[in-house]
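Structure first, commentary second.
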Amino acid sequence: MAYFPMFIELRDAPCLVIGGGGIALRKVMVLRDFGALVTVIAPDIQESICEISGVECIHREYGSEDLRGRRLVVAATDNAALNHQISEACRAGGIMVNAVDQPEDCDFIFPAYIRKGEVAAAFCSGGQSPAVAQYLKRRNHDVVTELVGQLAECLGSLRRPVRERIPRRKRKAVYERILQMGLASGRVPEETAIQNIIKEMEKDGPHEKVKDEWDIT
């Protein structure tokens with residue numbers, strides 16, 4: 001069964017990675033990319049992990065008390081039985097867990113992803129084939145660009161003034177026009193051009209009604 005695609009906020013969230021090898025390093029780097037506060041516990045931890053800003057390294061064996069207060073946990077040891085034990089303890093405590101290479105012990109999986117600013121596109125094969133997820137990631141690098149991230153930031157900054165000045169039925173058209181202008185020109189539109197679009201859409205006239213999903217977070 002396919003995994004449900006859910007994006008969660010991890011900024012400053014306390015996360016735990018159990019294991020100190022190469023796989024643990026990759027998981028730590030992803031969690032830090034999204035702002036998580038990461039603790040790594042293992043008797044032996046790669047120096048490259050300890051050098052990552054925002055990571056606390058504890059050189060000892062894992063204990064069940066280490067799970068307390070964690071938003072999510074990654075079991076990345078080379079011991080499948082221990083990873084299973086960690087998964088069981090996390091599930092008993094209501095903590096989301098990922099046990100590396102053990103899908104039956106995972107509540108979530110790490111997707112292949114592209115991130116540009118606040119824009120993130122993730123690709124998942126349901127744990128069947130990382131090669132498929134990586135293929136989709138490569139194919140979309142030309143779509144999810146730095147410009148797209150910049151345009152998303154621009155549109156996000158306009159949500160309040162657009163809500164205050166533009167009727168709901170016209171808001172989608174405002175955002176789409178600004179987005180298309182930016183994509184066509186290859187840069188974020190100038191403030192004057194943006195304000196001209198908003199002023200034009202403030203005028204009375206027939207406009208196609210749009211669905212409310214353009215006003216959700």
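Transitive grouping of hydrophobic side chains (ILVMFWY, heavy atoms separated by less than 4.5 Å) brings Val132 and Val144 into a common cluster. Residues Val30 and Val17 are members of one and the same hydrophobic cluster, defined by side-chain heavy-atom contacts under 4.5 angstrom among Ile, Leu, Val, Met, Phe, Trp and Tyr. Tyr62 and Ile45 fall into different hydrophobic clusters, where Ile, Leu, Val, Met, Phe, Trp and Tyr residues are linked whenever their side-chain heavy atoms come under 4.5 Å apart, directly or through other members. Hydrophobic clustering (ILVMFWY, side-chain heavy atoms < 4.5 Å, transitive): Ile52 and Leu37 are in distinct clusters. In terms of hydrophobic clustering, with Ile, Leu, Val, Met, Phe, Trp and Tyr side chains grouped at heavy-atom distances under 4.5 Å, Ile197 and Leu179 are assigned to a common cluster.
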CA sep, side-chain torsions, deciding dist, call: Val100, Lys27, side chain to side chain contact (heavy atoms under 4.5 Å, CB included): CA-CA 10 Å; Val100 175; Lys27 305 307 182 186; 4.0 Å; yes
Salt bridge (charged side-chain N to carboxylate O under 4.0 Å, His left out) for Lys170 and Glu202? Distances and angles first, verdict last. CA-CA 9 Å; Lys170 302 180 184 179; Glu202 282 183 300; over 6 Å; no
How far apart are the C-alpha atoms of Leu72 and Asp107, what are their side-chain angles, what is the distance that settles it, and do they pass the side chain to side chain contact (heavy atoms under 4.5 Å, CB included) test? CA-CA 10 Å; Leu72 60 82; Asp107 293 322; over 6 Å; no
For the pair Val148 and Val143, evaluate side chain to side chain contact (heavy atoms under 4.5 Å, CB included) and give the outcome as yes or no after the intermediate values. CA-CA 8 Å; Val148 170; Val143 176; 5.9 Å; no
Please walk me through it: do Tyr175 and Arg171 pass side chain to side chain donor-acceptor pair (under 3.5 Å)? CA-CA 6 Å; Tyr175 296 133; Arg171 292 173 190 166; over 6 Å; no
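Heavy-atom minimum distance, Ser87 versus Val97: OG-CG1, 3.7 Å. Heavy-atom minimum distance, Pro43 versus Glu61: CG-OE2, 3.3 Å. Asn83 and Ala76 get closest at one heavy-atom pair: OD1-N, 4.0 Å. Closest of all the heavy-atom pairs between Ile18 and Leu67 is CD1-CD2, 4.5 Å. The minimum heavy-atom distance linking Ala112 with Gln134 is given by the pair CB-NE2, 3.7 Å. Across all their heavy atoms, Met181 and Ala193 have their closest contact at SD-CB, 3.9 Å.
Contact of the Lys116 side chain with the Gln150 side chain is not registered, since no non-hydrogen atoms from C-beta on lie closer than 4.5 Å. Proximity of His59 to Cys50: side-chain heavy atoms (C-beta onward) are separated by under 4.5 Å at one or more points. Using a 4.5 Å cut-off on side-chain heavy atoms (C-beta onward), Ile198 and Asn196 make no contact. Between Thr39 and Arg70, some side-chain heavy-atom pair lies under the 4.5 Å cut-off. Side chains of Glu65 and Arg68 form a contact here, defined as non-hydrogen atoms less than 4.5 Å apart. A 4.5 Å side-chain heavy-atom check between Gln102 and Glu104 finds at least one atom pair inside the cut-off. Using a 4.5 Å heavy-atom threshold, the side chains of Val74 and Phe110 count as touching. Looking at Val73 and Cys15, their side chains never come closer than 4.5 Å, going by heavy atoms from C-beta outward.
Summarising the geometry, atom CD1 belonging to Ile8 is positioned 6.5 Å from atom CE belonging to Met96; distances are rounded to the nearest 0.5 Å. Note: Ile23 CD1 to Asp78 CG = 9.0 Å, rounded to the nearest 0.5 Å. Rounded to the nearest 0.5 angstrom, Cys90 SG and Leu16 CG are separated by 7.5 Å. A distance of 5.0 Å separates CD1 of Ile49 from CG of Leu25, quoted to the nearest 0.5 Å. Distance check, rounded to the nearest 0.5 Å: CD1 of Ile58 to CD1 of Ile41 gives 4.5 Å. Between Arg91 atom CZ and Asp105 atom CG the span is 6.0 Å, to the nearest 0.5 Å.
The ring of Tyr113 has its center no closer than 6.0 angstrom to the ring center of Phe7.
Enclosure of atom CD in Glu153 is not indicated, since only 12 or fewer non-hydrogen atoms of other residues, nucleotides or ligands lie within 6.0 angstrom. In the displayed structure, Asp33 atom CG is contacted under 6.0 Å by more than 12 heavy atoms of other residues, nucleotides or ligands. For Asn79, the CG atom sits in a packed shell: over 12 heavy atoms of surrounding residues, nucleotides or ligands are nearer than 6.0 Å.
Without hydrogens or angle criteria, Glu9 side chain to Arg11 main chain gives a donor-acceptor distance under 3.5 Å. For Arg115 (side chain) and Val119 (main-chain N/O), no donor-acceptor pair under 3.5 Å exists by modelled atom type. Between the side chain of Thr145 and the backbone N or O of Asp142, no donor-acceptor pair lies under 3.5 Å. Of the possible donor and acceptor atoms, one in the side chain of Asp66 sits under 3.5 Å from a partner among the backbone N and O of Gly63. Judged by distance alone, with hydrogens and angles left aside, the side-chain atoms of Arg159 form no donor-acceptor pair with the main-chain N or O of Leu155 at under 3.5 Å. A distance-only check finds no donor-acceptor pair linking the side chain of Arg177 to the backbone of Lys172 [under 3.5 Å]. Asn98 places a side-chain N or O within donor-acceptor distance of the main-chain N or O of Phe108, the cut-off being under 3.5 Å.
No donor-acceptor contact under 3.5 angstrom links the side chains of Glu190 and Thr192, judged on distance only. One side chain, Glu191 or Gln195, offers a donor N or O that lies under 3.5 Å from an acceptor on the other.
Remark: Arg138 fails to qualify as a cation-pi partner of Phe123 under the 6.0 Å distance and 45° angle criteria applied to the six-membered ring.
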